There are 2 protein chains.
Amino acid sequence: MDDELSRTFAALADPTRRAILARLADGPAPVNELAQPFDMTPQAISKHLKVLESAGLISRSRQGQWRPCRLEVAPLDAVTAWIARYRAAWADSFDRLEAEIKKMRHKEDG
Amino acid sequence: MDDELSRTFAALADPTRRAILARLADGPAPVNELAQPFDMTPQAISKHLKVLESAGLISRSRQGQWRPCRLEVAPLDAVTAWIARYRAAWADSFDRLEAEIKKMRHKEDG
DNA sequence: CCGATACTCAACCAAACGGTTTATAAACCT
DNA sequence: AGGTTTATAAACCGTTTGGTTGAGTATCGG
């Protein structure tokens with residue numbers, strides 16, 4: 001599990017981490033705020049953030065005693081590009097995509 | 001790691017499995033042909049195929065003594081749809097996508 | 001029937017993962 | 001200075017993962 005794409009997929013293969021990214025899509029947040037929804041110690045969240053950061057999916061800065069996390073979408077582009085190679089036709093794939101997105105609009109998931 | 005999306009991401013988080021999918025994008029193939037490029041026992045490949053199948057990324061049939069595997073793209077649509085939620089604007093994301101695909105055209109990866 | 005080929009199952013093993021607890025560092029606030 | 005809050009580090013632990021070997025199943029072809 002050393003290459004970029006593997007790290008990205010592995011990072012996304014966890015509901016907690018996807019939920020964290022979902023939260024970050026609404027804007028940056030410090031660790032304790034990210035940890036709050038989960039029945040889990042802050043240390044566990046810290047580990048998840050480390051995984052996300054090492055996959056390039058988030059970046060962290062410092063603001064006083066807080067460490068705000070920000071979503072970084074670049075690795076997601078790589079994923080989408082990789083997936084795009086497995087579609088026979090772009091038109092078809094976008095049709096399916098639209099259907100998927102419609103299905104998804106009323107779910108939350110992480 | 002029980003939900004659909006997690007299983008899909010986890011299945012994709014391995015270079016061997018991605019290489020298998022890449023091969024299958026050119027058409028169905030039996031296990032021994034899929035195993036051939038790898039320095040690994042057929043049993044290991046069989047395990048990988050099991051992971052891919054349980055993620056819905058391939059389907060297997062029987063043809064005599066062979067078990068041809070076929071690529072199934074439906075889970076990839078779910079992944080792309082999930083990722084799409086993290087783009088601020090579609091236009092931007094397609095621009096980036098194009099760039100990524102260009103970068104990728106001259107790589108092989110799995 | 002017999003052997004070869006294609007594939008899978010089961011047991012095992014080292015390494016990685018996802019969580020915990022304990023301890024530590026850094027910034028804030030009296 | 002001292003205590004609180006925010007966050008990470010380190011050690012540990014049970015489970016999963018990715019590979020192995022060895023045995024077993026199924027189909028083909030004499």
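Predicted model only: the values in this text are computed from it and were never measured. Computed over heavy atoms, backbone and side chain alike; hydrogens, waters and symmetry mates excluded.
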A.B. asks: List the residues meeting salt bridge (charged side-chain N to carboxylate O under 4.0 Å, His left out) with B:R70, not counting sequence neighbours, and say none if there are none.
C.D. replies: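 Salt bridge (charged side-chain N to carboxylate O under 4.0 Å, His left out) check on B:R70 returns nothing, list empty.
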
A.B. asks: Which heavy atom of B:L76 sits nearest to which heavy atom of B:L57, and what is that distance?
C.D. replies: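 Nearest pair, atom of B:L76 first, then B:L57: CD2-CD2, 3.7 Å.
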
A.B. asks: Do any N or O atoms from the side chain of A:R62 and from the backbone of A:R67 form a donor-acceptor pair under 3.5 angstrom?
C.D. replies: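 Judged by distance alone, no pair lies under 3.5 Å.
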
A.B. asks: B:D14 CG to C:dA15 C1': how many Å, rounded?
C.D. replies: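 The answer, rounded to whole Å, is 14 Å.
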
A.B. asks: Round to a whole Å and report the spacing from CZ of B:R7 to P of D:dT17.
C.D. replies: 11 Å

A.B. asks: Can you tell me how far P of D:dT20 sits from CZ of B:F38, to the nearest Å?
C.D. replies: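 In whole Å, D:dT20 P lies 12 Å from B:F38 CZ.
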
A.B. asks: Let me know the distance between CG of B:L52 and C1' of C:dC7, rounded to the nearest Å.
C.D. replies: 16 Å

A.B. asks: Want to settle it: does A:H48 or A:Q63 sit nearer the 5' end of DNA chain C, counting the closest nucleotide to each?
C.D. replies: A:H48

A.B. asks: Look up atom CD1 in B:I45 and atom NZ in B:K47, then write down how far apart they are to the nearest 0.5 Å.
C.D. replies: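 If I round to the nearest 0.5 Å, the distance is 12.0 Å.
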
A.B. asks: Could you run down nucleotides 5-11 of chain D 5' to 3' and tag each one B, S or - for protein heavy-atom contact under 4.0 Å?
C.D. replies: BSSBB-B

A.B. asks: Can you measure B:M40 atom CE to D:dT21 atom C1' for me and round it to whole angstrom units?
C.D. replies: 16 Å

A.B. asks: Test of understanding: with side chain to side chain donor-acceptor pair (under 3.5 Å), list the residues that count as partners of B:T41, not counting sequence neighbours.
C.D. replies: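 Side chain to side chain donor-acceptor pair (under 3.5 Å) check on B:T41 returns nothing, list empty.
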
A.B. asks: Is there a continuous path of hydrophobic side-chain contacts, each under 4.5 Å between heavy atoms, that joins A:L24 to A:W66?
C.D. replies: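 In one cluster: no.
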
